[in-house]
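Please read the structure below before turning to the comments.
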Amino acid sequence: MDLLQQIDTKKLPKHLAIIMDGNGRWAKKQGFLRAFGHESGTKSVKKIIQASAELGIKNLTLYAFSTENWNRPKLEVDTLMKVLINALKKEVDTLQNNNIKLNAIGNLELLPKTAQNQLLEVINLTKDNTLMTLTLALSYGSREELTNAVRIISEKVKNNIISIDTIDDSIINEHLYTHNLPDVDLVIRTSGEHRISNFLLWQIAYAELYFTDILWPDFKEQDLYEAILSYQKRERRFGKTSEQIK
């Protein structure tokens with residue numbers, strides 16, 4: 001049976017997050033500069049966005065550029081920003097035609113102005129779309145996100161806007177970049193690395209983790225289906241016993 005036909009559409013992750021890793025290594029294996037890998041990776045981005053939307057996944061978050069990525073060589077960073085701008089320009093019609101809303105999280109003020117403007121333009125154009133929310137994590141770091149949340153909450157406590165006794169999970173959630181998104185159900189990481197790399201640390205507390213050796217430019221729809229089938233075979237207990245779940 002085809003992998004797609006095996007997927008139970010009633011048990012899809014409500015929020016799928018992907019660490020798109022391996023562009024540079026893929027390019028080097030082909031004998032090209034790392035920049036070529038980032039450009040090639042956009043093809044997989046398009047395929048996975050469309051496949052996720054067609055499946056019925058409501059929230060897809062892609063780790064596109066971390067706070068730590070600013071430390072990479074300037075040429076590579078500049079290339080990544082150009083790839084981002086070009087992809088946003090090129091794929092706005094795809095988002096519109098597929099009823100996909102674009103969202104972005106991270107320290108977006110660090111992005112070049114041209115990238116910021118293009119990003120905001122597409123976010124505004126797609127704001128009323130309802131089939132799926134696509135979130136790009138750009139200049140994103142979870143520790144920075146949590147630090148900012150603590151700082152803002154502390155300021156509100158200081159000014160008597162929030163009582164310290166009322167601080168709970170929901171208050172913290174309200175002050176995260178992802179306040180309008182559900183917790184992550186499934187995290188996929190490509191390229192064979194087995195780490196989270198400062199990605200959505202609060203939001204993935206009970207997420208299922210799926211690691212694959214496939215480099216991102218080679219990650220296709222069938223690979224996505226395999227990851228989702230693996231997710232659907234797992235027992236999600238959220239701290240309870242198997243007997244309690246049953």
Side-chain angles (χ1 to χ4, degrees), residues 3-4 7 13 15-53 55 57 59-84 86-87 91 104-106 134-145 178 184-205 207-234:
L3 289 177
L4 179 58
I7 293 175
H15 188 174
L16 167 64
I18 303 179
I19 302 174
M20 307 178 295
D21 197 18
N23 287 338
R25 276 169 284 167
W26 181 88
K28 289 175 73 174
K29 283 178 67 177
Q30 313 294 322
F32 297 109
L33 295 174
R34 291 174 59 86
F36 181 72
H38 297 307
E39 292 172 358
S40 298
T42 61
K43 296 175 184 176
S44 290
V45 169
K46 183 173 182 176
K47 289 176 182 177
I48 298 310
I49 290 171
Q50 289 185 318
S52 298
L55 274 173
I57 291 172
N59 298 280
L60 172 65
T61 297
L62 302 178
Y63 202 8
F65 192 85
S66 73
T67 50
E68 291 77 19
N69 286 158
W70 289 115
N71 297 319
R72 290 190 175 186
K74 185 178 185 301
L75 177 61
E76 183 172 352
V77 172
D78 289 345
T79 299
L80 280 163
M81 291 300 111
K82 289 176 184 175
V83 168
L84 169 63
N86 291 336
E91 300 304 334
I105 58 174
L134 167 65
T135 300
L136 299 182
L138 294 162
S139 188
Y140 174 85
S142 189
R143 285 185 172 184
E144 181 180 73
E145 177 185 28
T178 55
V184 176
D185 293 309
L186 172 63
V187 177
I188 298 172
R189 179 165 189 153
T190 61
S191 89
E193 302 292 355
H194 293 73
R195 55 177 176 269
I196 300 303
S197 296
N198 199 16
F199 183 49
L200 301 174
L201 299 178
W202 174 275
Q203 298 88 339
I204 65 170
E208 299 297 322
L209 307 180
Y210 180 89
F211 300 103
T212 174
D213 290 336
I214 299 169
L215 301 174
W216 178 249
D218 290 329
F219 192 83
K220 303 296 187 290
E221 295 93 336
Q222 293 296 311
D223 304 308
L224 173 67
Y225 303 153
E226 283 189 14
I228 291 173
L229 284 170
S230 173
Y231 164 83
Q232 292 186 339
K233 292 173 184 175
R234 302 182 190 185

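Looking at heavy atoms from C-beta onward, T178 lies out of side-chain contact with T135 at the 4.5 angstrom threshold. D218 is not listed as a side-chain neighbour of T190, based on a closest heavy-atom distance of 4.5 Å or more. Between L16 and Y210 there is no side-chain heavy-atom pair separated by less than 4.5 Å. The side-chain heavy atoms of L80 and F65, taken from C-beta on, include a pair separated by under 4.5 Å.
When atom types are taken as modelled, the side chain of S52 and the backbone of I48 share a donor-acceptor pair closer than 3.5 angstrom. A donor-acceptor distance shorter than 3.5 angstrom exists from the side chain of S66 to the backbone of N69, with no hydrogens or angles considered. Between the side chain of S44 and the main chain of W216, a donor-acceptor pair closer than 3.5 Å is present. At distances below 3.5 Å, not a single donor-acceptor pair connects side-chain atoms of K74 with backbone N or O atoms of N71. Using a distance-only test at 3.5 Å, with no hydrogens or angles considered, no donor-acceptor pair links the side chain of N86 to the main chain of V83.
Enclosure of atom CG in L75 is not indicated, since only 12 or fewer non-hydrogen atoms of other residues, nucleotides or ligands lie within 6.0 angstrom. By the 6.0 Å contact criterion, NZ on K29 is open, its count of non-hydrogen atoms from other residues, nucleotides or ligands being 12 or less.
The NZ atom of K47 sits 11.5 Å away from atom CD of Q222, with the distance rounded to the nearest 0.5 Å. Between the CG atom in L62 and the CD1 atom in I188 there is a gap of 10.0 Å [rounded to 0.5 Å]. For the atom pair N59 CG and T61 OG1, the distance stands at 7.0 Å (nearest 0.5 Å). Rounding to the nearest 0.5 angstrom, the gap separating the OG atom in S191 from the CD1 atom in I19 is 9.0 Å. Within the model, atoms OH of Y63 and CG of L138 stand 10.5 Å from one another, a figure rounded to the nearest 0.5 Å. Distance check: Q232 CD to L229 CG gives 6.0 Å after rounding to the nearest 0.5 Å.
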List the atom pairs, with distances to 0.1 Å, where a side-chain N or O of residues 193-201 and a protein N or O form a donor-acceptor pair under 3.5 Å, not counting sequence neighbours.
unit_1: E193; atom_1: OE1; unit_2: R195; atom_2: NH1; d: 3.0
unit_1: E193; atom_1: OE2; unit_2: R25; atom_2: NH1; d: 3.4
unit_1: H194; atom_1: ND1; unit_2: G192; atom_2: O; d: 2.9
unit_1: S197; atom_1: OG; unit_2: R189; atom_2: NH1; d: 2.7
unit_1: N198; atom_1: OD1; unit_2: S142; atom_2: N; d: 3.1
unit_1: N198; atom_1: OD1; unit_2: R143; atom_2: N; d: 2.9
unit_1: N198; atom_1: ND2; unit_2: E68; atom_2: OE2; d: 3.1

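N23 approaches G41 most closely through the heavy-atom pair OD1-CA, 3.8 Å. Contact between A27 and G37 at its shortest, heavy atoms only, is CB-N, 3.5 Å. Counting all heavy atoms, side chain and backbone alike, A207 lies closest to V184 at CB-O, 3.4 Å. When all heavy atoms are compared, the tightest approach of F219 to I214 is N-CG2, 3.7 Å.
Shown here are the salt bridge (charged side-chain N to carboxylate O under 4.0 Å, His left out) partners of K233, two or more places apart in sequence or in another chain: there are none. Residues passing the salt bridge (charged side-chain N to carboxylate O under 4.0 Å, His left out) test with E76, sequence neighbours excluded: R34, R72. Residues satisfying the side-chain contact (heavy atoms from CB on, under 4.5 Å) criterion with E144, sequence neighbours excluded, are T67, N107, N148, Y177. For E39, there are no salt bridge (charged side-chain N to carboxylate O under 4.0 Å, His left out) partners, not counting sequence neighbours. Partners of K28 by salt bridge (charged side-chain N to carboxylate O under 4.0 Å, His left out), not counting sequence neighbours: none found.
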Note to self: Before you tell me yes or no, could you show the steps for E221 and L3 under side-chain contact (heavy atoms from CB on, under 4.5 Å), namely the whole-Å CA-CA distance, both residues' side-chain angles and the distance that decides it to 0.1 Å?
What the structure shows: CA-CA 10 Å; E221 295 93 336; L3 289 177; over 6 Å; no
